[in-house]
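Chain naming here is simple, since letters A, B, ... match the order of the sequence lines and numbering starts at 1 in each. All values below were derived from every heavy atom in this structure, side-chain atoms included, with hydrogens, water molecules and symmetry-related copies excluded.
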Number of protein chains: 4
Amino acid sequence: MNFQSDNAAGVRPDILAAVAAAAGPSVGAYDADDWSLRLDAAYSDVFATACTVIAVSTGTAANALALAAMVPPYGAVVCHTDAHINVDECGAPEFFTGGAKLLLCQGESGKLTPTAVAAATAGFRAGYHQVRPAALSLTQATEAGTVYSPDEVKALTTLAKSRGWAVHMDGARFANAVASLGCHPADVTARAGVDVLSLGVIKNGGMTAEAMVIFDPALVEDIRLRRKRAGQMPSKGRFQAAQLLAYLAENRWLETAAAANAAAARLAAAFGPRVMHAVAANEVFVRLTPSDAGALRSVGAEFYDWGAPDDHLARFVVAWDTPAVAVDGLIAAVRTLG
Amino acid sequence: MNFQSDNAAGVRPDILAAVAAAAGPSVGAYDADDWSLRLDAAYSDVFATACTVIAVSTGTAANALALAAMVPPYGAVVCHTDAHINVDECGAPEFFTGGAKLLLCQGESGKLTPTAVAAATAGFRAGYHQVRPAALSLTQATEAGTVYSPDEVKALTTLAKSRGWAVHMDGARFANAVASLGCHPADVTARAGVDVLSLGVIKNGGMTAEAMVIFDPALVEDIRLRRKRAGQMPSKGRFQAAQLLAYLAENRWLETAAAANAAAARLAAAFGPRVMHAVAANEVFVRLTPSDAGALRSVGAEFYDWGAPDDHLARFVVAWDTPAVAVDGLIAAVRTLG
Amino acid sequence: MNFQSDNAAGVRPDILAAVAAAAGPSVGAYDADDWSLRLDAAYSDVFATACTVIAVSTGTAANALALAAMVPPYGAVVCHTDAHINVDECGAPEFFTGGAKLLLCQGESGKLTPTAVAAATAGFRAGYHQVRPAALSLTQATEAGTVYSPDEVKALTTLAKSRGWAVHMDGARFANAVASLGCHPADVTARAGVDVLSLGVIKNGGMTAEAMVIFDPALVEDIRLRRKRAGQMPSKGRFQAAQLLAYLAENRWLETAAAANAAAARLAAAFGPRVMHAVAANEVFVRLTPSDAGALRSVGAEFYDWGAPDDHLARFVVAWDTPAVAVDGLIAAVRTLG
Amino acid sequence: MNFQSDNAAGVRPDILAAVAAAAGPSVGAYDADDWSLRLDAAYSDVFATACTVIAVSTGTAANALALAAMVPPYGAVVCHTDAHINVDECGAPEFFTGGAKLLLCQGESGKLTPTAVAAATAGFRAGYHQVRPAALSLTQATEAGTVYSPDEVKALTTLAKSRGWAVHMDGARFANAVASLGCHPADVTARAGVDVLSLGVIKNGGMTAEAMVIFDPALVEDIRLRRKRAGQMPSKGRFQAAQLLAYLAENRWLETAAAANAAAARLAAAFGPRVMHAVAANEVFVRLTPSDAGALRSVGAEFYDWGAPDDHLARFVVAWDTPAVAVDGLIAAVRTLG
C-alpha cells in the first residue's frame with residue numbers, strides 16, 4: 001500500500017517497449033533522429049495547436065528553462081507559495097534565469113486567483129529599484145490536488161497578458177488535470193493563453209523524459225540554446241523522444257490519469273471530512289492525528305506526512321500503476337479509524 | 001559506412017536489458033532505489049578507490065557540474081583550446097560556475113603539457129584584478145584521439161596540485177583511453193590525482209546516462225545540490241543507475257572500447273600518411289583533399305569534415321557497434337585513393 | 001519642508017573638505033593610497049574590534065557583496081519581508097549570489113524575532129530538493145524606523161549561529177540606531193555576532209561611498225575579489241576612503257544621527273496617535289487621510305506616501321541636515337490637522 | 001617621475017570644484033537632480049548625436065553593463081586578447097552577462113582587424129552546441145597605446161553589423177584617442193557604428209565617475225535596470241553627474257589628453273628604437289633590459305614592468321597632470337642609456 005508518490009511508480013510497458021524499439025544502430029545524433037523529428041507533429045495534433053516539443057530529463061529542467069526564456073535576470077515570476085518551483089527545485093528557477101525572483105502569492109487549495117495575483121504585484125513601482133514581474137507560473141493540477149477550470153486559467157492569463165507577462169504552466173500532473181476536467185488539452189493551455197507547458201510524463205508512466213510543449217514560437221530558439229547550455233540536450237535523443245511519442249499513443253496518458261483520479265476519489269470518500277481540499281486529481285491531502293497515522297502505517301500503508309509536524313497532515317498519492325488492491329486495502333484501513 | 005560519431009551509435013543489449021529489468025513497480029524515488037544505492041560500491045570496486053557516483057543525463061552536465069564545484073565564480077579553468085568544454089557545450093561551464101573563465105592552452109595532438117599550462121598561467125598576478133586559476137581540466141582520450149599516459153596525467157596533476165588547483169577529467173571516451181593504455185582505470189584517475197572523472201557511458205554503448213565519478217569526497221555535497229538545482233536529479237533514478245551498473249559488468253566497457261580502438265587502428269593504417277595524430281583511441285583524423293573526400297562519400301562513407309573549410313580535414317569515428325564490414329568497406333575505399 | 005528621504009540630503013562639510021584634501025597629485029592606485037590604508041585601523045578603533053573596511057559606491061553593493069560571500073548559489077538568506085534587499089535593490093542579492101533565495105519573514109514594526117525566523121525556516125528538509133538557509137540579514141535601524149536592542153540582535157544571531165548561518169546587518173541608518181540606543185557600536189555588531197555590517201554613510205552626510213565593515217576575516221578575500229568583479233573597486237580609492245575616514249571623525253557621525261533622531265521624535269510627538277511604530281531613529285511612519293496629506297502638502301511639506309494606495313500611510317524622514325525650521329514648520333502644520 | 005599609471009593621477013581642479021558646487025541641500029535622489037538631468041543634453045551636444053548618459057563608478061562597471069545589455073548568456077563577445085575586459089576585470093563581463101564568453105582575437109599593436117575577427121569566428125557553426133558571437137568590443141585607444149582611425153573602426157563595425165552583432169567601445173583613454181586623431185568624437189563612435197561607449201573620465205582628470213554613452217536607445221532601459229541591480233545607481237547622483245558635466249566643459253577633456261599625448265610622443269622620441277608600438281596616445285611601451293630599467297629607477301623613475309618577466313618590457317604612462325619636469329627628467333635619463 002505505497003501511496004508515497006507517483007514519482008516512484010513504474011513505467012508503462014508500451015513506453016518501455018518504445019524505448020527498446022528505438023535501440024537500433026546508428027541514427028542522427030542530437031535530435032536529428034526520426035523519433036525526435038516526429039515530436040512536434042504528434043503533440044501539435046493532440047493539442048490541436050502548432051507547437052514545438054523539446055525533451056528534457058526532469059520537470060525541474062522543463063520549468064526552469066521555460067522561465068529563463070520568459071523573464072530577464074531582473075524579472076520576477078508570480079507563483080503560488082506552494083509551487084514546486086519555489087519549494088522543491090533547489091533554486092533552479094533562480095539559477096536558470098540568472099537570478100530572477102519568485103513573487104509568492106497565497107491562494108486557497110493551491111490555486112491562484114486574479115485578485116490575489118493583482119494584490120501581490122500591486123506594490124511594484126515603475127523605475128529601477130524593483131524587479132519587474134514578467135511571467136506567471138501556474139501549476140495544473142495544483143500542489144493541493146485541485147485543478148483550474150479553463151475559465152480560471154483564462155482569467156489568470158488574461159490578467160498576465162494585460163501586464164505583458166508570459167505564462168508558464170507546470171503540468172507535472174497535467175494529465176490528471178485534463179482527465180479530471182474532461183476538457184480538451186488545449187482548453188487549459190494554448191486556447192487559454194499558456195505559452196509553455198511543462199508536461200509531466202514521468203509521474204504518469206514515463207521513464208526518463210519530460211516534455212516542454214512550447215506554444216509561443218518566439219521562445220523556441222532561446223530555449224534550445226539554454227537547454228544545450230544546461231546539459232539537457234541528449235546525444236541519443238531518440239530514447240527520450242520515443243518515450244514522449246509513446247506517452248500520447250492511443251490516449252493512454254489520459255486513461256491512466258483518469259484511473260488514478262478515480263482511485264483517489266474513492267480514497268477521498270473513505271477519508272470523508274478529514275480531506276482538506278476538493279480531490280480533483282490523484283492526490284489526497286488529509287488531516288490525520290498521529291495515532292490514526294500510526295494505525296494506517298501499522299497495517300502497511302506508506303505515505304508522507306505533510307506540512308509542518310504540528311499540522312498533522314498527510315498526503316496520499318495514487319500512481320498510474322497503484323494496484324486496486326492497495327487502494328481497497330487502504331480504504332478498509334481508513335474505515336477502521338474513529 | 002557511418003563514421004560520423006559514436007554519439008549516434010546504438011545501445012548495448014545488456015544495458016537495454018538492465019533498464020527493462022528495472023521497470024518494476026514503485027521503489028524509492030530520487031536515488032533511494034536499489035540500483036542507485038549500489039553505484040558507489042560498483043565503481044569503487046572497478047576504480048579500486050572509494051568514490052561517489054552520480055548519474056546525469058549528458059556529458060556536458062557532468063563536466064559543468066564538476067567544474068562548478070571546483071572553482072569560484074571568479075576562478076578559471078585551464079583547458080586545451082580544443083576541449084569540448086570550450087568548443088561544444090554552449091557555455092555550460094560558464095553557466096554552471098557562475099561565470100568562471102576558461103583559460104585556453106595550446107598543445108600538440110590535443111594534449112596539454114606542464115610547460116604549456118605553466119606558460120598559460122604565468123602572467124597571472126596576485127591581487128584582485130584577475131581571475132584565479134583554480135582547476136585543470138584534461139580530456140582523456142583527447143579531442144585529437146590521442147591519450148595521456150599515466151605519467152603524463154601525473155605530471156599535469158602534480159603541477160595543478162602544487163598550485164592548489166582541483167583536477168577534472170572529461171572522459172567522454174575514457175574507456176577507449178584505458179583500453180588503449182592497457183592500464184588500470186585508477187592509473188590515469190584516482191592514483192594520478194584526478195578529483196572528478198566525467199565518465200562517458202553513452203558513446204560506448206549507453207543510452208541516457210553518464211557517470212560522475214567523484215574521488216574527492218569534499219566535492220560530493222556541493223555537486224549533489226548543484227545537480228538538483230540544474231534539473232539533473234531524476235525522480236526515477238533507477239533507470240539511470242541501471243545503465244551505469246550494467247556498463248561495467250563483466251568488463252564489457254573495456255572490451256567494446258578495445259574493439260573500436262582496434263578497428264580505428266586498422267583504418268589509420270589504411271589512411272597512412274594522411275593521418276594527423278597518433279591514433280590511440282577510436283577516432284582517426286586525416287588530411288583529405290576535397291576530391292578524395294568526395295570519392296569516399298560516393299561509395300557510401302559518412303563522416304564529418306573537421307576544422308575550418310580550408311583545412312581539408314576529416315574525422316572518422318569507430319563506434320562500439322560499427323560493423324566490421326563497414327570498416328572493411330571504408331578501408332577498401334581508402335586504398336583506392338591516390 | 002522636504003521630508004522625502006535622507007538619500008537626497010547634502011554632504012557634511014568636513015567630508016567634502018576631506019575629499020578636496022585628498023585631491024593632490026599621483027598616489028598609489030587601487031587602495032594602495034594612504035587614505036585607504038588607514039581605513040582598517042580607524043574602524044577597528046571605533047568598533048573596538050579588529051575589522052577590515054572596504055569602500056563601495058552604494059549600499060546595495062555593500063549588501064549584495066556581503067551576502068554573496070556568505071551563501072552559496074543554492075543558499076538562502078532569511079530577512080524581513082520589508083527588507084531593502086528584498087524590496088528595493090532590483091534583485092541585486094540574487095545577482096551577486098548567483099541566484100540564492102531570500103526567505104521572507106514577517107515581523108512587527110520591521111523587526112524579526114527568533115520565533116519568526118525559526119518558523120520561517122522550520123519546513124526546510126534535509127536532502128537536495130530545497131535551498132539551504134545560510135545567512136540572516138538584519139536591518140538596523142529597521143525599515144519601520146525601529147531599532148533592535150543589543151539583546152534582540154544577540155538573540156537572533158544566536159539562533160543563526162546555532163544553525164551555522166552567517167549574519168549580515170544592513171546598516172543604512174546604523175548611526176541612527178546606535179545614537180538611539182546609546183550603546184557602543186560594537187554592542188549591536190561585533191559583540192553581538194554580526195559578521196559583516198553594511199555601514200551607511202551617504203544618508204548621514206556622506207557623498208559617494210559606503211563602508212563594508214567586515215568582522216569575520218574569513219570573508220575578506222572573497223569579498224575583495226567579488227568587489228572587483230562587480231566593478232566596485234575604484235582606481236582612485238583615496239576619494240572614497242577619505243569620506244569614510246572623515247565620517248567617523250570626532251564622533252560626528254553619531255552627533256548628526258542623534259540630532260536627526262531628536263527631530264524625528266519631536267515630529268512623532270506632534271503626530272501623536274497617527275504614528276504607526278515606535279519612533280527610535282529618524283523615520284516617522286504615520287496614518288494620514290488623503291485630506292490631511294493634502295493639507296500638509298498645501299503648506300509645503302514634501303514626503304512620500306507609503307505602502308499600497310489604500311493604506312493611507314506616509315513616511316517622513318529627517319535628514320542629518322534638515323533645518324530645524326522645517327521641522328518646526330511641519331510640526332505646526334501637523335497641529336492644525338483634526 | 002611617476003609614470004606608473006594615469007589611474008593614480010590627481011583630479012582636475014574644475015571637476016573638484018564642480019563636486020563642491022553640487023554639495024548644497026536636499027535635491028532629488030537617484031538621478032532626479034539637475035545635474036543628472038543635464039547629462040544627456042551635454043553629451044549629445046559634444047557627440048553631435050542623441051545619446052543617453054549614465055554614470056557608473058568604474059570603467060569595469062561601464063564595460064560589463066554594456067556587454068550584458070548586448071549579449072545573451074549563451075552569447076560571446078569578440079575582443080582582443082589583451083583587452084582590459086579579458087585581462088584585468090576579474091571576470092566582470094562574465095559575471096554581468098550571466099556567463100557569456102569572450103572570444104579572444106590576436107592583433108598587432110593591440111588592434112583588431114576585420115580579417116582577424118572573421119577568422120576568430122569562422123569556425124562557429126549553426127545549431128545549439130556553440131555560443132553565439134553577439135558583440136564586438138574595441139578598445140580606443142588600444143591597450144598598446146595605438147589608436148583606431150575612423151576608417152578602421154568603421155571597417156570593424158561594418159563586419160560586426162553584417163553579422164548582427166552590437167558594438168562596444170572601451171574608451172578608458174578615449175580622450176587621448178580623439179586628441180591623437182584630431183577627429184570629431186562622433187567619427188570613431190556614433191558615426192562609425194558604435195552602440196555604447198565606456199567613456200573614461202577618471203584617468204583623464206576625473207574622480208569617482210565614468211560615463212556610459214549609449215547611442216542605441218534600445219539598450220537604455222536594460223542598462224538602467226542592470227545598473228541598479230549591480231549596485232551602481234547612486235542615491236546622490238548629482239556628485240557623479242557633476243563630474244561628468246565638468247569633464248566636457250570648455251573642451252578641457254581633449255586639451256589635457258592632447259598635452260599628455262604630446263609628452264608621450266616626446267618620451268617616445270627619446271626611447272627611439274626601444275619603442276614597441278606607434279605611440280599615438282599617452283602610453284609608451286618599450287623594450288628595456290634589466291640594467292637599463294635599473295638605471296632609470298635609480299634616478300627616480302617609477303614605471304611598471306610589462307608582460308612576462310622574460311619579455312623585458314616596460315610601460316610608461318603620461319597622466320593628464322604629469323609635470324613637464326618629470327617628463328624632461330625621464331627623457332634626460334633615457335638619453336644616458338646606451
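- Side chains of C:Tyr128 and B:Asp31: a donor-acceptor N/O pair is absent below 3.5 angstrom, by distance only.
- Each salt bridge (Lys or Arg N to Asp or Glu O under 4.0 Å) pair with one or both residues in residues 47-63 of chain B, not counting sequence neighbours, would appear here, but there are none.
- The two residues B:Leu112 and B:Leu156 come nearest to each other via the heavy atoms O-CD1, 3.6 Å.
- Partners of C:Glu94 under the salt bridge (charged side-chain N to carboxylate O under 4.0 Å, His left out) rule, at least two apart in sequence or in another chain, are A:Lys101.
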For this session: Test salt bridge (charged side-chain N to carboxylate O under 4.0 Å, His left out) on B:Arg38 and B:Asp33 and set out the steps.
Result: CA-CA 9 Å; B:Arg38 275 185 284 143; B:Asp33 60 86; over 6 Å; no
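- Of residues 220-245 of chain B, those residues lying under 4.5 Å from chain C by any heavy-atom pair are B:Glu221, B:Asp222, B:Arg224, B:Leu225, B:Arg226, B:Lys228, B:Arg229, B:Met233.
- Contacts from residues 57-87 of chain B to chain C, taken as heavy-atom pairs separated by less than 4.5 Å, involve B:Pro73, B:Tyr74 in sequence order.
- The backbone N or O of B:Val194 lies less than 3.5 Å from no partner atom in the side chain of B:Thr189, so there is not a single donor-acceptor pair.
- B:Glu210 contributes a side-chain N or O that, together with a main-chain N or O of B:Val201, makes up a donor-acceptor pair within less than 3.5 Å.
- Closest non-hydrogen pair, C:Ala21 versus C:Trp35, comes out as O-CZ2, 4.2 Å.
- For the pair C:Met212/C:Val53, no side-chain contact is recorded, criterion being any heavy-atom separation below 4.5 Å from C-beta on.
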